[in-house]
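Report on the structure given below.
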Amino acid sequence: MILFLLVFVSCCVGAVCGFGGGVIIKPVLDLVQYDSTQVINFLSSCTVLCMSLYTVGASFVRREKSVRTAVSTPLAVGAIAGGMIGKEIFSYLLANAVQPGVVKAVQAVVLIALTGCCLLYILFKKHVRPLHTKSILTACGIGVFLGTVSGFLGIGGGQFNLIVLYFFFGMDTKTAATNSLYIIMLSKISNLLLQLFTHSIPDFEISSLLVMIFAGIAGGVIGRTVNKRVSAKTVEKLLGSVLFVVIVICIFNAVTGFWGR
């Protein structure tokens with residue numbers, strides 16, 4: 001029940017703001033030491049994939065025009081390539097770390113730094129002029145960076161997608177939210193297929209996966225509804241609050257990872 005509520009709330013908030021929910025799910029599961037880092041990464045990725053599939057799929061079925069494929073598809077293609085790089089970096093560190101907790105700590109430190117940058121941007125967004133980039137190559141390059149970070153951290157990386165979509169492509173808050181989930185969906189599909197073909201899926205409890213997927217989709221249903229009814233300003237405030245909480249959790253994870261409990 002606790003796992004269900006955690007994932008449900010995370011994906012509900014994620015669907016409202018435009019990040020998959022993994023940025024909340026993974027640090028919290030790391031915090032309570034739910035399972036190994038590999039298993040938590042996998043469960044979180046599958047949950048985020050299912051939630052984003054529902055949210056983006058519903059948008060296409062209803063013929064909403066919020067997904068700007070000309071921008072988001074090149075970003076997603078780059079993110080797919082970057083995701084492979086990120087997973088290789090993660091695997092290398094895991095294989096060479098003195099203890100698994102160090103890898104968790106390194107992930108936490110990276111997440112703190114990047115999430116802190118995202119929070120600062122949200123706070124001072126009104127003072128920053130977007131670039132309105134139109135280059136496909138630039139979009140692909142940015143996507144590679146996003147994918148590398150997300151692949152290494154084992155999250156959807158939606159909060160990073162949002163900032164990129166705001167700053168580089170001038171999207172408004174709600175449009176960026178949908179496009180962020182579209183990018184996450186494509187990158188997570190490719191990531192899962194890669195794990196299947198390389199036989200690198202870790203051993204996990206199927207019951208945990210089913211609970212998390214069901215909770216993720218349920219959260220996506222509610223979150224999508226809420227997103228349509230709240231203002232863009234409210235979405236930004238919610239995003240900023242979530243990012244702050246994530247930073248606090250990650251600081252604790254970093255400390256326990258490096259020095260133990």
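Hydrogens, waters and symmetry mates are skipped; everything else that's a heavy atom, side chains included, is used.
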Do the non-hydrogen side-chain atoms of Phe42 and Cys46 ever get within less than 4.5 Å of each other? yes
Measure the spacing between OG of Ser208 and CD1 of Ile213 and express it to the nearest 0.5 Å. 11.0 Å
Kindly compute the distance separating CZ (Phe167) from CG (Leu162), expressed to the nearest 0.5 Å. 15.0 Å
Please name all residues satisfying side-chain hydrogen bond (donor to acceptor under 3.5 Å, both in side chains) with Thr69, sequence neighbours left out, ordered by chain then number. none
Note, Leu165 side chain near Leu75 side chain (heavy atom, < 4.5 Å): yes
N/O donor to acceptor pairs below 3.5 angstrom from side-chain atoms of residues 112-132, sequence neighbours left out:
residue, atom, partner, partner atom, Å
Thr115, OG1, Leu111, O, 2.6
Lys125, NZ, Thr173, OG1, 3.4
Lys125, NZ, Glu236, OE2, 2.8

Under the side-chain hydrogen bond (donor to acceptor under 3.5 Å, both in side chains) test, which residues partner Ser72, sequence neighbours left out? Asn179
Does one hydrophobic cluster hold both Leu192 and Val77, with members joined at side-chain heavy-atom distances below 4.5 Å? no
So how far is it from Leu29 CG to Met212 CE, rounded to the nearest 0.5 Å? 5.5 Å
If you count every heavy atom of other residues, nucleotides or ligands that lies below 6.0 Å from Ile206 atom CD1, does the total exceed 12? yes
Evaluate Thr178 against Arg68 for side chain to side chain contact (heavy atoms under 4.5 Å, CB included), listing each step before the verdict. CA-CA 9 Å; Thr178 305; Arg68 290 169 51 182; over 6 Å; no
Under 3.5 Å: donor-acceptor pair, side chain of Ser190, backbone of Ser187: yes
Within one Ile-Leu-Val-Met-Phe-Trp-Tyr cluster: Leu49 and Ile217, side-chain cutoff 4.5 Å: yes
Starting from Leu146, can I reach Phe90 by hopping between I/L/V/M/F/W/Y residues whose side chains sit under 4.5 Å apart? yes
Is it the case that the side chain of Ser10 and the backbone of Ile24 share a donor-acceptor pair, with hydrogens and angles ignored and the cut-off at 3.5 Å? no
Please give me the minimum heavy-atom distance between Leu186 and Ala76, naming the atom from each residue. CD1-CB, 3.6 Å
Side chains of Phe152 and Val106: does their closest heavy-atom pair fall under 4.5 Å? yes
Are Ile80 and Tyr182 linked, directly or through other ILVMFWY residues, by side chains that come within less than 4.5 angstrom of each other? no
Heavy-atom count around Leu137 CG within 6.0 Å, excluding the residue itself: above 12? no
To the nearest 0.5 Å, what is the distance between OG (Ser52) and CD1 (Ile184)? 6.5 Å
Is a side-chain N or O of Thr225 found less than 3.5 angstrom from the main chain of Val221, in a donor-acceptor match? yes
Take atom CZ of Phe214 as the centre, draw a 6.0 Å sphere, and report whether it contains more than 12 heavy atoms from other residues, nucleotides or ligands. no
One should read off an interatomic distance between Asn161 CG and Phe169 CZ, to the nearest 0.5 angstrom, of 10.5 Å
Can you run down the salt bridge (Lys or Arg N to Asp or Glu O under 4.0 Å) pairs that involve residues 141-150, sequence neighbours left out, and say none if there aren't any? none
Can you give me the closest heavy-atom contact between Ala254 and Ala108, atom names plus distance? N-CB, 3.8 Å
Show me the donor-acceptor pairs within less than 3.5 Å that the side chains of residues 194-202 make with the rest of the protein, sequence neighbours left out.
residue, atom, partner, partner atom, Å
Thr198, OG1, Leu194, O, 2.7
Thr198, OG1, Ser200, OG, 2.9

So Val246 and Gln159, do their side chains get closer than 4.5 Å, heavy atoms only? no
Check whether more than 12 heavy atoms from other residues, nucleotides or ligands sit under 6.0 Å from atom CD1 of Ile136, and answer yes or no. no
Any Met51 side-chain heavy atom under 4.5 Å of Leu181 side chain: yes
Rounded to the nearest 0.5 Å, the OG1 atom of Thr234 sits from the CG atom of Leu239 at a distance of 12.5 Å
Partners meeting side-chain hydrogen bond (donor to acceptor under 3.5 Å, both in side chains) with Thr148 (sequence neighbours left out): none
Is there a path of hydrophobic side-chain contacts, each under 4.5 Å between heavy atoms of I/L/V/M/F/W/Y residues, joining Val13 to Leu153? yes
Are Ile25 and Cys11 side-chain neighbours, meaning at least one heavy-atom pair lies under 4.5 Å? yes
In terms of heavy-atom contacts, Val71 and Pro74 come closest through O-CD, 3.2 Å
